[in-house]
Amino acid sequence: MLKTHSCGELRSEHIGQTVTLAGWVNKRRDMGGVIFIDLRDRAGKAQVVVDAGRSADAFAAAAGVRGEYVVQVTGQVSRRPAGQENTGLPTGEIEVLADRVVVLNTAKPTPFPIDRDDAVDETVRLRYRYLDLRRERMQRNLVLRHNAVKFIRDFLGARGFIEVETPILFKSTPEGARDYLVPSRVHPGKFYALPQSPQQLKQLLMVAGYERYFQIARCFRDEDLRADRQPEFTQLDMEMSFVERDDVLNLIEELMVGMVKAVSLVPLAHEQFPRLSYAEATERFGTDRPDLRYGLELVDIGDIAGSSAFRVFAENVAAGKRVKAICAPGCGTYSRKQLDDLEAMARAQGAKALAWLAIQPDTGEIRGPIAKFFTVDQLIALTERLDAKPGDLILIASDSKAIVHNALSALRTELARRLGLTDEKKLAFAWVIDFPLFEEAMEEGHFAPSHHMFTAPKPEHIPLLDSDPAAVLSQQYDLVCNGYEVAGGSIRIHDQTLQAKIMSLIGFSMEQAREQFGHLLEAFEFGAPPHGGIAPGIDRLMALMAGEPNIREVMAFPKTAQATDLMADAPSVVLPRQLDELQLAIKAKS
RNA sequence: GGGGGCGUGGUGUAGCGGUUAACACGUCGGCCUGUCAAGCCGAAGAUCGCGGGUUCGAUCCCCGUCGCUCCCGCCA
């Protein structure tokens, strides 16, 4: 080894020892007769003192050293002179008096500062990702990620789970997200697909009798990116046999609480995860992945608004549509412009308009274009139901349930941001359960599965499959945190008759089923145990636990929003010979 | 596929229809034996993303394009 100790591990108990360190020059301060070098390695930083009076050779070497040079230093750990301690550094009580300084490698000036956490253009960070990864923030995040994944492996291993690797080259199924395809050279014209998740394979492992499986699994989806979506991402994929829904929920809750306590930089908001039905979540928050760090809940005012003189509300209520409102504390003095901005957000979600009532801070008088259509009693009833105070702003949307919920959910998120309610660094986990088995909107005259077609209905709802399929609730469950979906799963169907019924309801023919899932359906004929599973998204969880605003910050080599790698320049053109081997030709752009 | 934001020395920013394009950090050189975002003195470094247009004149206004980013669609 070229070092006896890590820079960051040195403490006062090392005083007197002669150590050899190796690392990068974080900072060099040249005082003329003495040169200070902050030497950095993964463990941290230590101050090296190169004194011309102690070693002329070391001093000469240190004189030529520059930032990010790779340097080996041998010297004596010494207590810093009284008053010279650096309380901002874990190694701040000591320093290393250099007897020998060896430059192991030089470095060009870096394109951006390594020793500071200043914002740097994303293009530059990604192009020089290996330098970005040298920075404290990224090292902290990747260490957090390692610790979290290690916690998961230990936790699940201790509970009888075994980790099994599944293929990256697998079979394309047109269901769900767009697949990344890999052409086969051996079978020209045929393609593998990279897995969107190991869904089928983990169910097959249950049929195979493994009972408790997990995998830190890379998944691929060829869809457009977001701050919380990359083309390749990592799931904790897991599946268990002979379990019921609450077994999975309780286990994952224990895992999450333990993991957050052990490794997270952001603490839990509460240790008991609330369980909301899909219906309750959407009614109260307008979304199935609510941010529970704040209130601003949606309140139904259909009865009051429907009996008002405002015709839009009255007609909508008569037609079975909804009128719901949200109270924004202290926003009663919003300007025309601010209100227009909010209305634009509502319109972007499909609302035709956004009504508002502002309660004057001093007089309590209620103003707004629609105020005159309400009686005093109705206004009093409204403010009481919304718990609105003088100075508050009431925003009202009326339309179909879906539009009202989408619009008010978007407004709720925006208002929380404006009011600083999302600044609090806490993790507010919650379960969302009792999802409808099918999507509300029919697709081409058929039902569409709201999760996937292997999700089991609630046992007591199975009879409804014949009478009222839209009312059937499933054994799907999502874990949400701060407005993000961080895990999704379900108890699966293991009964062939039930599976066939579901497939026919979603318009899936037996031939289609056999072509795409034949291996799975066949496997289920050989004694499939009751089973269920879940797949927490590792990247999103890491971003939340690191307090980062996007998942790129917790991935070593992420891609841009255009799905490119700026460092390696991928994707790239390939040689004609490579295409020939695959019997592929590039179509001219139409 | 659509919409918003951003693009000015290496980095972060300022600027604005006419400037010698400003500042900080960094870089390079000099001074300095207790600094730790060291300090002081000096220097270099920018086709203002790219292309076109408007204009006597464009970094600035307009159009297009490229890149980064956020959002909608999409993501069973």
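Throughout, protein chains are lettered first and strands after them, A, B, ... in sequence-line order, and every chain is numbered starting at 1. Heavy atoms only: backbone and side chains are in, while hydrogens, waters and symmetry mates are out.
The side-chain hydrogen bond (donor to acceptor under 3.5 Å, both in side chains) test applied to R116(A) returns D118(A), not counting sequence neighbours. Take R412(A) and apply the side-chain hydrogen bond (donor to acceptor under 3.5 Å, both in side chains) test, not counting sequence neighbours, and it matches no residue. Applying the side-chain hydrogen bond (donor to acceptor under 3.5 Å, both in side chains) test to K352(A) and every residue at least two apart in sequence or in another chain returns D399(A). With sequence neighbours excluded, no residue forms a side-chain hydrogen bond (donor to acceptor under 3.5 Å, both in side chains) with T91(A).
The existence of a salt bridge linking D115(A) and K27(A) is confirmed by a sub-4.0 Å separation between a basic side-chain nitrogen and an acidic carboxylate oxygen.
Applying the side-chain hydrogen bond (donor to acceptor under 3.5 Å, both in side chains) test to every pair with at least one member in residues 69-88 of chain A, sequence neighbours left out, gives these pairs: T20(A)-T74(A). Residues in residues 49-71 of chain A take part in these salt bridge (charged side-chain N to carboxylate O under 4.0 Å, His left out) pairs, two or more places apart or across chains: R40(A)-E68(A), R54(A)-D99(A), E68(A)-R134(A). Evaluation of the salt bridge (charged side-chain N to carboxylate O under 4.0 Å, His left out) test over residues 485-495 of chain A, restricted to residues two or more places apart or in two chains, returns E239(A)-R492(A).
Heavy atoms of E414(A) sit nowhere under 4.0 angstrom from any nucleic acid atom. When heavy atoms are screened at a 4.0 angstrom cut-off, T455(A) is found touching no nucleic acid atom at all. Backbone-only engagement by P449(A) is indicated by non-hydrogen atom pairs under 4.0 Å involving sugar-phosphate atoms exclusively. Using a 4.0 Å heavy-atom cutoff across all strands shown, G92(A) reaches no nucleic acid atom at all.
Rounded to a whole Å, the NE2 atom of H452(A) is 15 Å from the P atom of rC75(B). The interatomic distance linking R178(A) (CZ) with rG1(B) (P) rounds to 10 Å, in whole Å. Between I94(A) atom CD1 and rC36(B) atom P the separation is 18 Å, expressed in whole Å.
Between K27(A) and rA37(B) there is no side-chain polar atom (N or O) within less than 4.0 angstrom of OP1 or OP2. Applying the 4.0 Å criterion to OP1 and OP2 of rU35(B), one finds that R29(A) has every side-chain N and O outside that range. Taking side-chain N and O atoms only, Q196(A) has no distance below 4.0 Å to OP1 or OP2 of rC75(B).
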- Note on the structure: Reading nucleotides 67-73 of chain B from 5' to 3' and marking B where a protein heavy atom lies under 4.0 Å of the base, S where only the sugar-phosphate is that close, and - otherwise, the string is SSSSSBB
Tabulated below should be each protein N or O lying under 3.5 Å from an N or O of nucleotides 22-24 of chain B; please produce it.
none

Could you go through nucleotides 29-31 of chain B and list every protein N or O atom that sits under 3.5 Å from one of its N or O atoms, giving the distance for each pair?
{"from": "rG29(B)", "atom 1": "OP2", "to": "R66(A)", "atom 2": "NH2", "distance (Å)": "3.4"}

Do any N or O atoms of the protein come closer than 3.5 Å to N or O atoms of nucleotides 45-48 of chain B, and which pairs are they?
none

Pairs of donor and acceptor atoms involving the side chains of residues 105-113 of chain A, under 3.5 Å and at least two apart or interchain, shall be tabulated with distances.
{"from": "T110(A)", "atom 1": "OG1", "to": "F112(A)", "atom 2": "O", "distance (Å)": "2.8"}

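Comparing V120(A) and P109(A) against RNA chain B, the residue whose closest nucleotide sits nearer the 5' end is V120(A).
With a cut-off of 3.5 Å on both Watson-Crick or G-U wobble distances, the partner of rG42(B) is given as rC28(B). Taking a pair to require two hydrogen-bonding distances under 3.5 Å in either a Watson-Crick or a G-U wobble arrangement, rA21(B) remains unpaired. The partner of rC48(B), taking Watson-Crick or G-U wobble pairs whose two distances both stay under 3.5 Å, does not exist in any strand shown. Across all strands shown, rG34(B) remains unpaired; no Watson-Crick or G-U wobble contact has both distances below 3.5 Å.
Checking rG34(B), rU11(B), rU33(B) against every side-chain atom of D51(A), the shortest atom distance belongs to rU33(B).
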- Task: Apply ring pair (Phe, Tyr, Trp, His ring centres under 6.0 Å) to the pair H494(A) and H531(A), showing each step before the final yes or no.
- Result: CA-CA 7 Å; H494(A) 63 279; H531(A) 61 287; 7.1 Å; no
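Judged by centroid separation below 5.5 Å and plane tilt below 30°, F112(A) does not stack onto the base of rU11(B).
Between the side chains of Q516(A) and Q512(A), no donor N or O sits under 3.5 Å from an acceptor N or O.
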